Amino acid sequence: MTIQALELQEQQRLALQTRLDNAKTQAERNRLGQFATPTALAVDILTYAKKILPKHHAVRFLDPAVGTGSFYSAFLRIFGENSAVSSVGFDVDELYGNHARKLWGEYGLVVRIEDFTKVIPPKNEVEKATLVICNPPYVRHHHMPESEKKILHAHVSRRCGISLSGLCGLYCYFLCLSRDWMAQGGLAAWLIPSEFMDVNYGRAVKEFLLNIVTLLNIHRFSPDDVQFGDALVSSAIVWFKNEAPPPDHQVRFSFGGSLLKPIKENNYSIEVLRKEKKWTSLLGAGVSKTADNGNSHPVIGDFFDVKRGIATGYPGPL
């Protein structure tokens with residue numbers, strides 16, 4: 001399939017996405033956490049994935065919340081058709097899942113219309129994913145039934161050995177439960193709200209990232225650069241490998257601009273991160289790449305912890 005044909009397929013996907021989104025009210029989509037990944041961002045994420053994914057690894061692609069397939073579309077364009085040994089996407093919404101199956105089934109994507117958090121992961125290592133890319137549903141904790149939270153909490157506790165707070169949104173459970181779907185050394189990228197970096201409920205998520213897997217990189221977008229036009233929430237891209245972190249491991253933090261061209265970046269040891277309660281303050285101390293005459297200069301974030309006034313995810317007027 002040519003690049004031009006893939007671009008045409010992506011245009012069809014975008015038209016479909018708009019039609020499906022318009023078929024639901026904003027309140028319905030907010031309750032279900034359905035916010036589609038912009039095409040340019042999906043391409044950036046897959047471009048970065050190809051850059052850091054070991055070339056000798058067989059690619060087994062997994063998207064636990066596939067939607068209409070924005071990440072798989074980007075995967076085909078960046079990695080090339082027939083570059084994956086297997087490709088699987090999950091979606092609990094039959095409407096989106098069936099359309100994704102029609103769009104990408106002939107290009108190798110197997111779409112399973114199931115709740116990813118309730119499916120038993122494969123036990124065979126060769127069936128596990130080496131590349132997980134996901135924009136999980138941004139469902140706030142108050143939209144989740146208490147009975148569901150108890151079940152998810154038990155799953156994460158049993159499979160990861162951590163205790164997630166009852167204030168965690170659904171994306172936290174998706175992220176932690178994905179580990180059992182990953183091959184040893186597999187790579188994962190998660191597009192999630194950046195709020196976990198500072199809030200109390202994020203402590204267990206950070207414990208997972210620092211102690212159970214190897215956190216590679218966190219890129220946080222500027223709070224003024226909201227990635228989803230219909231969700232007022234700052235976003236971050238979290239990268240990790242499914243292996244225990246080495247003792248001297250350094251994590252790359254980047255901020256602003258784009259994933260491929262951040263404004264600021266810095267590296268921190270996992271020991272520093274374990275002691276730091278609010279990770280967004282670390283991003284303010286990074287090296288600025290925006291400079292006059294090639295020299296870095298201070299910015300507001302170097303001196304103050306700037307926070308956005310709206311961080312609820314609620315799309316309507318407050």
Side-chain angles (χ1 to χ4, degrees), residues 37 41-42 44-55 57-65 71 75 88 90 116-117 121 125 128-136 138 155-156 159-162 164 168-198 201-221 235-255 259-260 262 265-274 276 279-280 282-283:
T37 308
L41 179 55
D44 275 2
I45 291 173
L46 269 299
T47 299
Y48 191 82
K50 188 175 184 179
K51 178 181 177 182
I52 65 176
L53 191 70
K55 291 182 172 53
H57 277 205
V59 178
R60 294 189 290 274
F61 176 93
L62 171 65
D63 185 343
F71 283 133
F75 173 78
V88 179
F90 284 87
F116 174 77
T117 64
E125 184 74 4
K128 295 188 175 186
T130 59
L131 179 62
V132 175
I133 307 287
C134 188
N135 169 15
Y138 181 50
H155 284 339
V156 172
R159 286 159 56 175
C160 299
I162 62 172
L164 288 180
C168 282
L170 184 57
Y171 74 91
C172 300
Y173 299 98
F174 261 76
L175 185 146
C176 294
L177 291 174
S178 71
R179 186 181 71 111
D180 282 353
W181 287 83
M182 298 176 66
Q184 184 68 18
L187 175 68
W190 289 82
L191 176 58
I192 59 177
S194 62
E195 60 193 28
F196 83 92
M197 301 171 72
D198 288 351
Y201 80 70
R203 291 177 182 173
V205 177
K206 290 187 279 190
E207 179 186 346
F208 170 84
L209 294 173
L210 294 176
N211 301 328
I212 297 175
V213 296
T214 297
L215 179 61
L216 301 175
N217 178 17
I218 294 180
H219 176 78
R220 187 169 77 95
F221 293 97
S235 302
I237 306 171
V238 177
W239 298 83
F240 64 81
K241 284 197 300 185
N242 184 27
E243 59 187 27
D248 57 349
H249 181 61
Q250 297 274 320
V251 180
R252 177 177 177 261
F253 274 55
S254 56
F255 172 77
L259 171 65
L260 302 180
E265 62 181 80
N266 212 338
N267 293 329
Y268 297 96
S269 71
I270 54 176
E271 292 307 318
V272 167
L273 296 177
R274 284 170 180 154
E276 184 62 44
W279 286 1
T280 55
L282 297 172
L283 295 167

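Values reported hereafter were calculated over all heavy atoms of this structure, with side chains retained and with hydrogens, waters and symmetry mates removed. Quantities reported herein were computed from a predicted structural model and do not represent experimental measurements.
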Calculate, to the nearest 0.5 Å, the distance between atoms NZ and CG belonging to K50 and L187 respectively. 14.0 Å

Is D44 reaching over with its side chain to a backbone N or O of L259, donor-acceptor style, under 3.5 angstrom? no

Residues F116 and S178: closest non-hydrogen pair is CZ-CA, 4.0 Å

Looking only at heavy atoms, which two atoms of A58 and T130 are closest? And how far apart? O-OG1, 2.8 Å

Closest heavy-atom pair, R274 versus L210, reported as atoms and distance to 0.1 Å, is NH2-O, 3.2 Å

Tell me if a side-chain donor or acceptor on D198 pairs with a main-chain N or O of W279 at a distance below 3.5 Å. yes

Could you tell me if the side chain of I270 sits less than 4.5 Å from the side chain of L215, heavy atoms only? no

Where do W181 and F90 land on the ring-ring contact (aromatic ring centres under 6.0 Å, His included) test, with the steps shown first? CA-CA 12 Å; W181 287 83; F90 284 87; 5.3 Å; yes

Okay, side chain of R60, backbone of K128: is any donor-acceptor separation there less than 3.5 Å? yes

Report yes if some heavy atom in the side chain of L209 is under 4.5 Å from a heavy atom in the side chain of F196; otherwise report no. yes

Any non-hydrogen side-chain atom of L216 less than 4.5 Å from a side-chain atom of K241? yes

Minimum heavy-atom separation for I45 to F71, with atom names? CD1-CE2, 3.8 Å

Between the CD1 atom in I162 and the CZ atom in R203, the distance rounded to the nearest 0.5 Å is 14.0 Å

With a 4.5 Å cut-off on side-chain heavy atoms, are F255 and P262 touching? no

How close do P64 and F174 get, heavy atom to heavy atom, and via which atoms? O-CE2, 3.5 Å

Looking at L282, is its backbone amide N or carbonyl O close enough to the side chain of N266 to form a donor-acceptor pair, meaning the two atoms are under 3.5 Å apart? no

What is the ring orientation for W239 with Y48, classed by angle as parallel under 30°, tilted 30 to 60°, or perpendicular over 60°? tilted

Flag, side chain of H219 to backbone of E265, donor-acceptor distance under 3.5 Å: no

When you look at I218 and M197, which way does the side chain to side chain contact (heavy atoms under 4.5 Å, CB included) test go after all the steps? CA-CA 10 Å; I218 294 180; M197 301 171 72; 4.0 Å; yes

Carefully, step by step, assess I237 and L41 under the rule side chain to side chain contact (heavy atoms under 4.5 Å, CB included). CA-CA 10 Å; I237 306 171; L41 179 55; 4.0 Å; yes

Would you call the rings of F208 and F240 parallel, tilted or perpendicular if under 30° counts as parallel and over 60° as perpendicular? perpendicular

Using 30° and 60° as the class boundaries, would you call the ring planes of Y138 and Y171 parallel, tilted or perpendicular? tilted

To the nearest 0.5 Å, tell me how far Y173 OH sits from C160 SG. 12.0 Å

Parallel, tilted or perpendicular, judged at 30° and 60°: which one describes the rings of F75 and F61? tilted

Would a 4.5 Å heavy-atom cut-off, applied to side chains only, mark N217 and S254 as touching? yes

Can you measure from CD (Q250) to CD (E271) and round to the nearest 0.5 angstrom? 10.5 Å

Between E243 and T214 the two heavy atoms that sit nearest each other are O-OG1, 2.8 Å

So, the side chain of R179 versus the backbone of R159: is there a donor-acceptor pair under 3.5 Å, distance only? yes

Inter-residue atom distance T47.OG1 - I52.CD1, 0.5 Å rounding: 11.5 Å

Nearest 0.5 angstrom please: L191 CG to I133 CD1, how far? 10.5 Å

Side chain to side chain contact (heavy atoms under 4.5 Å, CB included) between V88 and L62: does it pass, once the steps are laid out? CA-CA 5 Å; V88 179; L62 171 65; 4.2 Å; yes

